[in-house]
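For the single chain, residues carry numbers from 1 onward in sequence order.
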Amino acid sequence: MCGRITQKDGELPGFTTITLVEELFPPRHNGAPSQEFWIIRRNHETGDYQRDRMKWGLVPYWADPATLRDKPINARAEGIRDRAMFKAAYARRRCLVPIDNFFEWRAIKGQKAKQPHAIAMKDGSPFAVAGIWESWTDKQTGEILRSFAIITTEANELMAQIHDRMPVIIAPVDYERWLSTLDPDPRDLMAPYPSEPLAIWPITGKVNSPRNDTPDILDPAEPVPEEQRRDLD
């Protein structure tokens, strides 16, 4: 799964967007579900790529947030085309979530606590993970709630060392195709991203609390000895 991310400015190098929200937002070094983040979506009338703020945790347009038990933060690529919660958004409302890194936890033999890791591009550049978004309108007040979920897929060889899932990373060459509705099912783009461009390193348990939202979240920690690591279930 993907449950924690870093998003500094929500920009993707070389990809021109129109920013819909003028307010300035501080970077999120330890961003968590229920918080707002920048996402990029395509305006299918103008063709513009728009950068907007949305809440992490999907609320479908047909649901009532007050009674919705599950506001999923992730959508599995394997079932996204068929599950009622996701299929309409997947076909018509795909987005990119610009991030600088994401976090994952690895089980440690004999301990309840897990070892957190940061995963980023080796060159430190921001990258895009695949998402879907929804817009829900309160019929009484007219208030609009826009939300998103991040799509996950099977882990690549690097990620498989600590977890069996990873977010779908979209390569720059595929940004436009992912955001277009001309292809309602670009399933080939939801494959595990190659391991070679990525870096992974252990970090401290400071990341476990979203209240800790400072750059030193990414400071390396001492790795857990191999004999203490537990195989993935």
Side-chain angles (χ1 to χ4, degrees), residues 2 5-25 27-28 31 35-63 72-77 79-100 102 121 123 125-138 142-153 167-194 197:
C2 177
I5 59 177
T6 293
Q7 187 183 76
K8 295 178 182 177
D9 61 16
E11 299 277 7
L12 294 173
F15 195 61
T16 302
T17 61
I18 295 173
T19 301
L20 298 182
V21 182
E22 296 183 359
E23 184 179 352
L24 296 177
F25 295 90
R28 292 199 186 278
Q35 296 175 337
E36 286 191 347
F37 296 87
W38 291 110
I39 66 95
I40 296 172
R41 56 192 173 117
R42 185 175 184 269
N43 185 315
H44 300 299
E45 294 182 358
T46 67
D48 294 329
Y49 297 104
Q50 300 177 336
R51 201 168 67 112
D52 202 359
R53 298 287 290 189
M54 293 192 185
K55 183 172 289 189
W56 190 4
L58 195 73
V59 177
Y61 69 90
W62 42 263
I73 63 171
N74 293 154
R76 294 174 67 94
I80 197 169
R81 296 176 297 274
D82 304 313
R83 188 175 171 187
M85 179 75 73
F86 306 133
K87 64 181 182 180
Y90 172 65
R92 298 189 291 273
R93 291 179 291 280
R94 296 188 296 270
C95 65
L96 298 171
V97 185
I99 65 174
D100 296 87
F102 61 96
M121 292 293 170
D123 63 5
S125 62
F127 56 101
V129 294
I132 52 176
W133 67 275
E134 286 278 15
S135 182
W136 177 86
T137 302
D138 188 314
E143 180 182 1
I144 297 175
L145 170 64
R146 291 192 174 95
S147 59
F148 72 95
I150 290 174
I151 301 173
T152 66
T153 187
V168 170
I169 299 175
I170 302 294
V173 68
D174 294 317
Y175 288 169
E176 294 187 9
R177 183 181 167 208
W178 179 256
L179 295 176
S180 173
T181 55
L182 296 179
D183 183 354
D185 185 16
R187 67 181 68 186
D188 58 298
L189 299 185
M190 297 189 291
Y193 198 73

Side chains of E176 and R42 in contact at under 4.5 Å (non-hydrogen atoms):
no

Looking at A63, is its backbone amide N or carbonyl O close enough to the side chain of W136 to form a donor-acceptor pair, meaning the two atoms are under 3.5 Å apart?
yes

Any side-chain heavy-atom pair from P72 and M85 closer than 4.5 angstrom?
yes

Would you say Q7 and P98 make side-chain contact, with heavy atoms under 4.5 Å?
yes

Does some side-chain heavy atom of W56 sit less than 4.5 Å from a side-chain heavy atom of I150?
yes

Donor-acceptor pair, side chain of T153 and main chain of M190, under 3.5 angstrom
yes

Inter-residue atom distance L96.CG - I99.CD1, 0.5 Å rounding
11.0 Å

Using a strict 4.0 Å threshold on nitrogen-to-oxygen distance, state whether R41 and D52 make a salt bridge.
yes

Counting C-beta onward and ignoring hydrogens, is there a side-chain heavy-atom pair between F148 and R94 closer than 4.5 Å?
no

Mark yes or no for whether S147, through its side chain, and V59, through its backbone, hold a donor-acceptor pair below 3.5 Å.
yes

Residues that S125 engages under side-chain contact (heavy atoms from CB on, under 4.5 Å), provided they are two or more places apart
M121, D123

With no hydrogens and no angle check, is any side-chain donor or acceptor of D100 less than 3.5 Å from a backbone partner on K8?
yes

Yes or no on side chain to side chain contact (heavy atoms under 4.5 Å, CB included) for F37 and R28, after CA distance, side-chain angles and deciding distance?
CA-CA 8 Å; F37 296 87; R28 292 199 186 278; 3.4 Å; yes

Apply the test side chain to side chain contact (heavy atoms under 4.5 Å, CB included) to residues K87 and I80: give CA-CA distance (whole Å), side-chain angles for both, the deciding distance (0.1 Å), then the verdict.
CA-CA 6 Å; K87 64 181 182 180; I80 197 169; over 6 Å; no

To the nearest 0.5 Å, what is the distance between CG on D174 and CD1 on I169?
12.5 Å

Distance (rounded to the nearest 0.5 Å) between T181 OG1 and H44 NE2:
4.5 Å

Please tell me if the side chains of V168 and L189 come closer than 4.5 Å, counting only heavy atoms from C-beta onward.
no

Between W38 and T19, is there a side-chain heavy-atom distance shorter than 4.5 Å?
yes

Not counting sequence neighbours, which residues clear side-chain contact (heavy atoms from CB on, under 4.5 Å) with D188? List them please.
R177

Apply the test side chain to side chain contact (heavy atoms under 4.5 Å, CB included) to residues F102 and T6: give CA-CA distance (whole Å), side-chain angles for both, the deciding distance (0.1 Å), then the verdict.
CA-CA 6 Å; F102 61 96; T6 293; over 6 Å; no

Measure from the side-chain N and O atoms of D48 to the backbone N and O of Q50, and report whether any donor-acceptor pair falls under 3.5 Å.
no

State, yes or no, whether a side-chain contact exists between V129 and I170 at a heavy-atom distance under 4.5 Å.
no

May I ask you to decide if C2's main-chain N or O and N74's side chain share a donor-acceptor pair within less than 3.5 Å?
yes

Give the ring-plane orientation class for F15 versus Y49, where under 30° counts as parallel, over 60° as perpendicular and anything between as tilted.
tilted

Closest non-hydrogen contact found for Y61 with S135 is CB-O, 3.3 Å

Is the side chain of R53 donor-acceptor paired with the backbone N or O of E36 at a distance under 3.5 Å, no angle test?
yes

Could you tell me whether E134 and R146 have a side-chain N and a carboxylate O separated by less than 4.0 Å?
no

